[in-house]
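Predicted, not measured: the structure shown is a model, and the values here were computed from it. Just so you know, ligand 1 is whichever comes first in the structure, and atom 1 is the first atom listed for that ligand. What's counted below: heavy atoms across the whole structure, side chains too, no hydrogens, waters or symmetry copies.
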Amino acid sequence: MASAAVSWFGDEMNAVPLRNNKTSAAAVRSVTVLGATGSIGDSTMDLLRAAPGRYTVEALTANGNVEALAKLAREFGARFAAVADASKLSALREALAGTGIETGAGEGAIIEAAQRPADWVMAAVSGAAGLKPALAAADRGASIALANKECLVCAGDFFMQRAAKAGACILPADSEHNALFQALASGNRDELVRVIITASGGPFRTWKAADIEKATLAQALKHPNWSMGQKITIDSASMMNKGLEVIEASYLFALSPDEIDVLVHPQSIVHGMVEFSDYSVMAQLGTPDMRTPIAHCLGWPDRIKGRAAPLDLAKIGQLTFEAPDYVRFPGLKLAYDALRAGNGATTVYNAANEIAVAAFIGEKIRFGAIAQLVEATLNGWIRAGNLAPLTGADDAIAVDHDARKMAMTLLPQIALKAS
Ligand code: NAD
Ligand code: MG
């Protein structure tokens, strides 16, 4: 369970600024985008493009897509461009020859990008690979728009504590958490009853368990409302994404599992709600477009002009809600179990899910086996007596590594069972 060490409202050990004191005005800000070529990266660059003169770009990074990275680095006049794939350094140098843009490659170069002196960093690498770069930005006290939920789930409380200690400001960029971030400002910690994060329910919301079990990759990639990267789209179909988000909410806002509810809302218009002691419920609404929460983080503590379509509720007509089904979507329940177990269990949950999603994309396991592998890995981990408090980043990375190994070992068994 998330410890109470990082609390909020009046406690300086809090990295999420839950009170808007409106200190900074519209000075030119330097920004770095980690994962600039992805879906969140794309939305971020779109907002930057629409506000010429307001932002300068310090660094941009990508995993291996040199062409797209170089194009963005040229367009935005970045000072530094880095690619995680070390074998692509010469290709990147060639693509940026004559521009004066510095280049780097390999994991160290992504960390260097995070360390460079940008005021604001978008953490949008996909998966636990984003942890070290996000920590590097936190350690120098940057403002970090955090999209990369896996890094938080992997490092748990530790990430938030380290960010708070360094004076970093964590701005929740995930749409549900950004909604909570905005709604939480309406009351105090001791007035909070619970937070509610919504879930679209994904493409299999109305499917029978037996059909979900054998869903194909193409079916899993057809998200009804959001256009996102491949991994998170599959996580949305399994509702593992909502599981990761329950854990993310717990760490970001120092909430216990009992204070976090999930509500299925197929239209994805209400993103998150906060219920206070007088039973007032504060919600944030908007069209399902990540450019709205990213714009909120980019403008913070002010507001900038958004790029999403304005919300037209009369046109939408109806907003509907239903309770989540933990039987057809067991991954969601496992997230609560992992959160309650604490002591690295959420790191294991995330690591096993990353292995399972990769195996599903590689057609080694069926869709239903994703949650089975996560459950088997969590159980195996606990049975082996491996639960222990995370002592730091290296520890979280070691648990992540060992849990991946355990998941890989269990994979053939699960693959057989599910075929
Ligand atoms: P994506 O796959 O579209 O993009 C990922 C980016 O990270 C790319 O630029 C890629 O080159 C880079 N990258 C991947 N592996 C890397 C590695 N090992 N080292 C360095 N860089 C690497 O993913 P996305 O949909 O943009 O999601 C990014 C993060 O934001 C994820 O953690 C996701 O859960 C979160 N998120 C996404 C959305 C969304 O709408 N897409 C919404 C909320 C949260
Ligand atoms: Mg989300």
For ligand 1 and Thr61, I'd like to know whether there is a polar contact (N/O to N/O, distance under 3.5 Å).
no
Using a strict cut-off of less than 4.0 Å between a Lys/Arg side-chain nitrogen and an Asp/Glu carboxylate oxygen, indicate whether Arg340 and Asp258 qualify as a salt bridge.
yes
Going by an N to O cut-off under 4.0 Å, is there a salt bridge joining Glu259 and Arg189?
yes
In Glu245, the N, O or S atom nearest to the Mg ion (ligand 2) is which?
OE2
Which of the numbered atoms in ligand 1 are below 4.0 angstrom from a heavy atom of Asp174?
43 (C), 44 (C)
For Met228, counting its heavy atoms only, list the atoms of ligand 1 lying under 4.0 Å from any of them.
39 (C), 40 (O), 41 (N)
Any N/O of Gly64 closer than 3.5 Å to an N/O of ligand 1?
no
Looking at ligand 1, would Glu150 count as a contact under a 4.0 Å heavy-atom criterion?
yes
Please confirm whether the backbone N or O of Ile232 pairs with a side-chain atom of Asn241, one donor and one acceptor, at under 3.5 Å?
no
Quick one: report the N, O or S atom of Asp174 that is nearest to the Mg ion (ligand 2).
OD1
Please find the N/O/S atom of Glu176 nearest to the Mg ion (ligand 2) and write down its name.
OE1
Among Gly35, Ala113, Gly229, whose heavy atom sits nearest atom 25 (O) of ligand 1?
Gly229
So, are Arg116 and Glu102 salt-bridged, with charged N and O less than 4.0 Å apart?
yes
Atom 9 (O) of ligand 1: nearest protein contact (heavy atom, Å):
Thr37 OG1, 2.8 Å
Considering only the protein, which heavy-atom contact is closest to atom 17 (C) of ligand 1, and what is its distance?
Asn63 OD1, 3.5 Å
So which of Ala129, Ser175, Ser236 gets nearest to atom 18 (N) of ligand 1, if we judge by its closest heavy atom?
Ala129
Check: Arg307 main-chain N/O paired with Arg291 side-chain donor or acceptor under 3.5 Å
yes
The answer for which part of Met290 has a heavy atom under 4.0 Å from ligand 1 is side chain
Would you mind checking which non-hydrogen protein atom is closest to atom 36 (N) of ligand 1, with the distance to 0.1 Å?
Ile232 CD1, 3.6 Å
Any donor and acceptor pair, going by atom type alone, linking the side chain of Gln267 with main-chain N or O of Thr320 inside 3.5 Å?
yes
Nearest protein heavy-atom contact for atom 4 (O) of ligand 1: which residue, which atom, what distance?
Gly38 CA, 3.2 Å
Relative to the ring of His177, is the ring of Phe253 parallel (under 30°), tilted (30 to 60°) or perpendicular (over 60°)?
parallel
Using a plain distance cutoff, I'd like to know if Ser227 has any nitrogen or oxygen under 3.5 Å from a nitrogen or oxygen of ligand 1.
no
For the pair Tyr349 (side chain) and Gly331 (backbone), establish whether a donor and an acceptor sit closer than 3.5 Å, ignoring hydrogens and angles.
yes
Contact partition for Ala36 relative to ligand 1, non-hydrogen atoms under 4.0 Å:
backbone
Start with the C-alpha gap between Trp300 and Phe181, add the side-chain angles, then the distance that decides, and say whether ring pair (Phe, Tyr, Trp, His ring centres under 6.0 Å) holds.
CA-CA 12 Å; Trp300 177 264; Phe181 177 34; 5.1 Å; yes
If you measure from each non-hydrogen atom of Ala84 to ligand 1, which part falls under 4.0 Å: side chain, backbone, both or neither?
side chain
Is a side-chain donor or acceptor of His265 paired with a backbone partner of Val270 at a separation under 3.5 angstrom?
yes
May I ask you to identify the nearest protein heavy atom to atom 27 (O) of ligand 1, giving residue, atom name and distance to one decimal place in Å?
Ile40 CG1, 4.1 Å
Within the structure provided, determine whether Asn350 and Ile247 are in side-chain contact (heavy-atom separation under 4.5 Å).
no
Could you tell me if the side chain of Tyr55 sits less than 4.5 Å from the side chain of Leu47, heavy atoms only?
no
Tell me: protein heavy atom nearest atom 34 (O) of ligand 1, and distance?
Lys149 CE, 3.3 Å
What protein heavy atom is closest to atom 6 (C) of ligand 1, reported as residue, atom name and distance in Å?
Ala124 O, 3.5 Å
In the protein, which heavy atom is nearest to atom 35 (C) of ligand 1, and how far is it?
Ala147 O, 3.1 Å
Output yes when a side-chain donor or acceptor of Asp85 lies under 3.5 Å from a complementary backbone atom of Asn63, and no otherwise.
no
